[in-house]
Visitor: 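Supplied in structure tokens, the structure appears directly below.
When reading the values below, keep in mind they use all heavy atoms of this one structure, side chains included, and skip hydrogens, waters and symmetry mates. Only a predicted model underlies this, so the values are computations on that prediction, with no experimental measurement involved.
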Amino acid sequence: MPGDGDGDMLSWDESVFRDESVFEIDYVPETFHHRESQLESLKYALRPAVRGSRPLNTVVRGPPGTGKTTAVQKLFSELRARTEVRTVRVNCQVDSTRYAVFSRLFEGIFEYEPPSSGISFKKLFGQITDRLVEEDEVLVVALDDVNYLFYENEASDALYSLLRAHEAHSGARIGVIVVSSDLSLDVIDDLDTRVQSVFRPEEVYFPVYGATEIYDILGERAKRGFHEGVIGDAELDRVAELTAESGDLRVGIDLLRRAGLNAEMRASRTITAEDVESAYDKSKHVHLSRSLRGLSDSERALVRVLAANDGERAGPVYEAFHEETDLGYTRYSEIINKLDQLGVIDAEYADVDGRGRSRELTLAYDADAVLDRLE
């Protein structure tokens, strides 16, 4: 069995990894296959920017782990290398308000952060547009995970400011790419009518990768990330199979890394089937971990309360939440809606005898798995 003989044992300063960064979720691969048509559609929308005009606005949609962010990062990298177009990608899971979005744009344009307090949105906005006009630059903004702006009711205000920038400041040229992984969200219909009237985007859809595509992509990552011979065909097949079941490529990328770490823990030079299976218990929750990572303290508090009161109706859950946080029902209801939209919980309305309808709240994941990732 691999790892039993001395020749198969890693010494303390050896690793199965050639380049462990290849397995980071935000790693941008040199080769990016199976998304050629989507890349062409995005290039078509961005082409006017290269000529000095405002690019076409674009909505990029698709399930998690289908290459949307990587595609945007690849194109932005090409634009920066070959053109004068200014590009800024905003992670809306982190920057989920209009002010936070424009602070990130300010940082991307001026290459330093704006003052943490004391500067109004109007002034922040004005400094950004002034700089674009002075430098005669076109700005392309990618609002990645834009669904988080919708969860906080900030999407319409943020987009309105971006789309009307050329009216507020003549000569400002800004194009917007919005990226959403929430298929239940209709980006256009859920915007205010004032935004809908000016936001007529191209649409680019990223479907779930097929089984053959998954194997191809993971095989390329394994080749770049592991030393030769670390993972065999059977083990790679199993990783690809588990990834296809989840529909999320990020599960497979995380699974390769964790399986490699399991092998190293045994001081083995090769990954076994057992390394893959034990790693999957954690890797299958990549989406959950990512969703929880962006929550505020009060949102995390409610998740803990829900874990302790799984399946209860909204009333008792609110009482426990209020006791812990002292927050009111309006904020509680907003957080419930957000957690429901994120897929962390299921909030179903049910009839209560003599008291109308109430929401029944259940975690969408095992309570222990949720609590482990809140630590």
Visitor: Could you tell me whether a side-chain N or O of E264 sits under 3.5 Å from a main-chain N or O of V16, the two making a donor and an acceptor?
Guide: yes
Visitor: In Å, rounded to the nearest 0.5 Å, how long is the span from CG of D144 to SG of C92?
Guide: 7.0 Å
Visitor: What I want to find out is whether E235 reaches R238 closely enough, with some N-O distance under 4.0 Å, to be called a salt bridge.
Guide: no
Visitor: Under 4.5 Å between any side-chain heavy atoms of S333 and N337, yes or no?
Guide: yes
Visitor: Side chains of R373 and S289 only: does a donor on one sit below 3.5 Å from an acceptor on the other?
Guide: yes
Visitor: What do the steps show when you test N57 against R200 for side-chain contact (heavy atoms from CB on, under 4.5 Å), and what is the final call?
Guide: CA-CA 7 Å; N57 298 313; R200 304 186 187 283; over 6 Å; no
Visitor: Testing the 3.5 Å rule here: is there a donor-acceptor pair between the side chains of R173 and S53?
Guide: no
Visitor: Cation-pi check for Y160 against R194: NZ or CZ below 6.0 Å from the six-membered ring centre and within 45 degrees of the axis, yes or no?
Guide: yes
Visitor: Could you tell me whether the side chains of N262 and S278 share a donor-acceptor contact shorter than 3.5 Å?
Guide: yes
Visitor: Look at the side chain of K68 and the backbone N and O of G62, then say whether any donor-acceptor pair between them is shorter than 3.5 Å.
Guide: yes
Visitor: Taking R300 first and then D297, would you say they form a salt bridge - that is, a charged N and a carboxylate O separated by under 4.0 Å?
Guide: no
Visitor: Hey, can you pull the donor-acceptor pairs under 3.5 Å for the side chains in residues 96-103, sequence neighbours left out?
Guide:
| from | atom 1 | to | atom 2 | distance (Å) |
| --- | --- | --- | --- | --- |
| T97 | OG1 | A100 | N | 3.0 |
| R98 | NH1 | S161 | OG | 3.1 |
| Y99 | OH | I119 | O | 2.6 |
| S103 | OG | Y99 | O | 3.0 |

Visitor: Can you name the closest pair of heavy atoms from D340 and D346 and give their distance?
Guide: OD1-CA, 4.0 Å
Visitor: Quick one: does any side-chain atom of D145 pair with a main-chain N or O of Y148 as donor and acceptor, under 3.5 Å?
Guide: no
Visitor: Count the heavy atoms of every other residue, nucleotide or ligand shown that sit under 6.0 Å from CD of E245, and state whether that count exceeds 12.
Guide: yes
Visitor: With the side chain counted from C-beta on, respond yes when V88 and F76 share a heavy-atom pair under 4.5 Å apart, and no when they do not.
Guide: no
Visitor: Is the shortest distance from a Lys or Arg side-chain nitrogen in R258 or D254 to a carboxylate oxygen in the other one below 4.0 Å?
Guide: yes
Visitor: Measuring only between side-chain heavy atoms, which start at C-beta, is D182 closer than 4.5 Å to Y151?
Guide: yes
Visitor: Any donor and acceptor pair, going by atom type alone, linking the side chain of E14 with main-chain N or O of S11 inside 3.5 Å?
Guide: yes
Visitor: I'd like to know if the side chain of S156 and the backbone of D192 have a donor-acceptor N/O pair within less than 3.5 Å.
Guide: yes
Visitor: Is the shortest heavy-atom distance from the side chain of V187 to the side chain of F150 under 4.5 Å?
Guide: yes
Visitor: Apply side-chain contact (heavy atoms from CB on, under 4.5 Å) to residues R86 and V138 and explain how you reach the verdict.
Guide: CA-CA 6 Å; R86 175 79 67 168; V138 179; over 6 Å; no
Visitor: Answer yes when E24 and R257 have at least one side-chain N-carboxylate O distance shorter than 4.0 Å, and no when they do not.
Guide: no
Visitor: Got a sec: does the CD of E30 have more than 12 other heavy atoms crowding it under 6.0 Å?
Guide: no
Visitor: Could E348 and R359 be called an ion pair, given the rule that one side-chain N must be under 4.0 Å from one carboxylate O?
Guide: no
Visitor: Test ring pair (Phe, Tyr, Trp, His ring centres under 6.0 Å) on Y209 and Y215; report intermediate values, then the result.
Guide: CA-CA 10 Å; Y209 287 110; Y215 184 88; over 10 Å; no
Visitor: Side chain to side chain contact (heavy atoms under 4.5 Å, CB included) with L105: which of L124, L162, D95?
Guide: L162
Visitor: If you measure only the distance, is there a donor-acceptor pair under 3.5 Å linking the side chains of H169 and D130?
Guide: yes
Visitor: Is R104 salt-bridged to E107, going by a charged N under 4.0 Å from an acidic O?
Guide: yes
Visitor: Which other residues end up in the same hydrophobic cluster as Y44, if Ile, Leu, Val, Met, Phe, Trp and Tyr are linked when side-chain heavy atoms come under 4.5 Å apart?
Guide: L56
Visitor: Without hydrogens or angle criteria, can the side chains of H33 and D216 be said to hold a donor-acceptor pair below 3.5 Å?
Guide: no
Visitor: Could you tell me whether D281 atom CG has more than 12 heavy atoms of other residues or ligands within 6.0 Å of it?
Guide: yes
Visitor: State plainly whether the residues R266 and D275 are in salt-bridge range, i.e. N to O under 4.0 Å.
Guide: yes
Visitor: Is the closest side-chain donor-acceptor distance between Q38 and S41 under 3.5 Å?
Guide: no
Visitor: Please report the shortest heavy-atom distance between A45 and P55, naming the atom on each side.
Guide: O-CB, 3.4 Å
Visitor: For the residue pair V239 and G252, what are the closest heavy atoms and their distance?
Guide: CG1-O, 3.9 Å
Visitor: Distance-only, no hydrogens or angles: does the R35 side chain make a donor-acceptor pair with backbone N or O of F32 under 3.5 Å?
Guide: no
Visitor: Do the side chains of L159 and V178 get nearer than 4.5 Å, heavy atoms only?
Guide: yes
Visitor: For the residue pair F106 and Y112, does the interplanar ring angle fall in the parallel (under 30°), tilted (30 to 60°) or perpendicular (over 60°) class?
Guide: perpendicular
Visitor: Which atoms form the tightest heavy-atom contact between A172 and V133, and what is the distance?
Guide: N-CG2, 3.7 Å
Visitor: May I have the step-by-step check of side chain to side chain donor-acceptor pair (under 3.5 Å) for E299 and S296, ending in yes or no?
Guide: CA-CA 5 Å; E299 290 163 350; S296 66; 3.2 Å; yes
Visitor: Please determine whether side-chain contact (heavy atoms from CB on, under 4.5 Å) holds for the pair R18 and R224, giving the CA-CA distance in whole Å, both sets of side-chain angles, and the decisive distance to 0.1 Å.
Guide: CA-CA 7 Å; R18 188 195 310 272; R224 290 181 178 275; over 6 Å; no
Visitor: Crowded around E228 CD? As in, over 12 foreign heavy atoms under 6.0 Å?
Guide: no
Visitor: Using the rule given for side-chain contact (heavy atoms from CB on, under 4.5 Å), can you reason through L242 versus V276, listing the C-alpha separation, both sets of side-chain angles and the distance that settles it, and then say yes or no?
Guide: CA-CA 10 Å; L242 291 167; V276 173; 4.1 Å; yes
Visitor: Is a side-chain N or O of E20 found less than 3.5 angstrom from the main chain of G225, in a donor-acceptor match?
Guide: no
Visitor: Is K74 salt-bridged to E78, cutoff N-O under 4.0 Å?
Guide: no
Visitor: Just by distance, do the side chain of S170 and the backbone of H166 share a donor-acceptor pair under 3.5 Å?
Guide: no
Visitor: Flag the pair E334 and K338 as a salt bridge only when some basic side-chain nitrogen lies within less than 4.0 angstrom of an acidic carboxylate oxygen.
Guide: no
Visitor: Between L371 and F321, is there shared hydrophobic-cluster membership here, with clusters defined by ILVMFWY side-chain heavy atoms closer than 4.5 Å?
Guide: yes
Visitor: Which atom names give the shortest non-hydrogen contact between G343 and A364, and what distance separates them?
Guide: O-CB, 3.2 Å
Visitor: Is the backbone of V305 close enough, under 3.5 Å, to the side chain of N309 for a donor and an acceptor to pair up by distance?
Guide: yes
Visitor: State, to 0.1 Å, how close V85 and A49 come at their nearest heavy-atom pair, and which atoms those are.
Guide: CG2-O, 3.4 Å
Visitor: Are the side chains of V146 and V179 in contact, using a 4.5 Å heavy-atom criterion?
Guide: no
Visitor: Is there a side-chain contact between L46 and L79 in this structure, where contact means two heavy atoms from C-beta onward sitting under 4.5 Å apart?
Guide: yes
Visitor: Give the ring-plane orientation class for Y365 versus H285, where under 30° counts as parallel, over 60° as perpendicular and anything between as tilted.
Guide: perpendicular
Visitor: Is there a side-chain contact between V22 and F226, using heavy atoms and a 4.5 Å cut-off?
Guide: no
Visitor: With a 3.5 Å distance limit and no angle check, can you tell me whether D310 reaches the backbone of L363 through a side-chain donor-acceptor pair?
Guide: yes
Visitor: State yes or no: do V344 and V251 share one hydrophobic cluster built from I, L, V, M, F, W and Y residues joined by side-chain heavy-atom distances below 4.5 Å, directly or via other members?
Guide: no
